Amino acid sequence: LSELESTLSKPYFTARIRAEDATRYVELLTTIAQITPLTRQVSAVATHPEDDLIISTALSGGARYLVTGDQHLQSVQSSGISIVSPSEFLILLADD
């Protein structure tokens, strides 16, 4: 959640999302999010080491999909999880 707050305070997002909306979004997630301990660790899977933590988190939480606009992360082949772009995920949702 602190990573999300930090990300939403970056210029890219502050130009697109009002500060009060970002704050309400983080508060909503704080209320409904289920914190899951890391039970699965991956190392040297992603091209950026910090992305291994994202993959570990998704696997630990039992996610079927990791939705990201990060093209480096989209190119990672990870067993047990599909890493897709937001547009690909919308297509998958529509097909379900």
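Keep in mind that this is a model prediction, so the values were computed, not measured. Residue numbers start at 1 and run along the sequence shown.
Considering every non-hydrogen atom in both Pro37 and Ser60, the closest pair reads O-CB, 3.6 Å. Annotation for Leu8 and Thr14: closest pair O-CG2, 3.6 Å, computed over non-hydrogen atoms.
Judged by distance alone, with hydrogens and angles left aside, the side-chain atoms of Asp70 form a donor-acceptor pair with the main-chain N or O of Leu73 at under 3.5 Å. Thr36 contributes no side-chain N or O that, together with a main-chain N or O of Gly61, makes up a donor-acceptor pair within less than 3.5 Å. Ser56 contributes a side-chain N or O that, together with a main-chain N or O of Val42, makes up a donor-acceptor pair within less than 3.5 Å. Side chain of Thr57 to main chain of Leu53: a donor-acceptor pair is present (N/O by atom type, distance under 3.5 Å, no hydrogens or angles).
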Exercise. List the steps, then state whether side chain to side chain contact (heavy atoms under 4.5 Å, CB included) holds for Ile17 with Tyr25.
Key: CA-CA 10 Å; Ile17 301 171; Tyr25 180 66; over 6 Å; no

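Counting heavy atoms from C-beta outward, Leu66 and Val84 have side chains that stay 4.5 Å or more apart. Proximity of Val76 to Asp51: side-chain heavy atoms (C-beta onward) are nowhere separated by under 4.5 Å. The shortest side-chain heavy-atom distance between Gln74 and Thr68 falls under the 4.5 Å cut-off. Inter-residue side-chain proximity for Tyr65 and Leu92 is flagged as met; some heavy-atom pair is nearer than 4.5 Å.
Tracing side-chain contacts under 4.5 Å through hydrophobic residues (I, L, V, M, F, W, Y), one reaches Leu93 starting from Val67; they form part of the same cluster. The hydrophobic cluster containing Tyr12 also contains Val26, counting ILVMFWY residues as joined when their side-chain heavy atoms lie under 4.5 angstrom apart, directly or transitively. Under a hydrophobic-cluster definition in which Ile, Leu, Val, Met, Phe, Trp and Tyr are linked whenever side-chain heavy atoms come within less than 4.5 Å, directly or via other members, Ile54 and Ile81 are assigned to the same cluster.
Taking Asp21 as the reference, Arg18, Arg24 meet the side chain to side chain donor-acceptor pair (under 3.5 Å) condition, with sequence neighbours excluded. Under the side chain to side chain donor-acceptor pair (under 3.5 Å) criterion, Glu88 pairs with Ser85, not counting sequence neighbours.
By the neighbour-count criterion of 12 heavy atoms within 6.0 Å, atom CD of Gln71 is sparsely surrounded, having that number or fewer from other residues, nucleotides or ligands.
Residue Leu4 holds its CG atom at 8.5 Å from CZ of Phe13, rounded to the nearest 0.5 Å. How far CD of Glu5 is from CG of Leu29: 10.0 Å, rounded to the nearest 0.5 Å. Residue Ile83 holds its CD1 atom at 7.5 Å from CD of Gln77, rounded to the nearest 0.5 Å.
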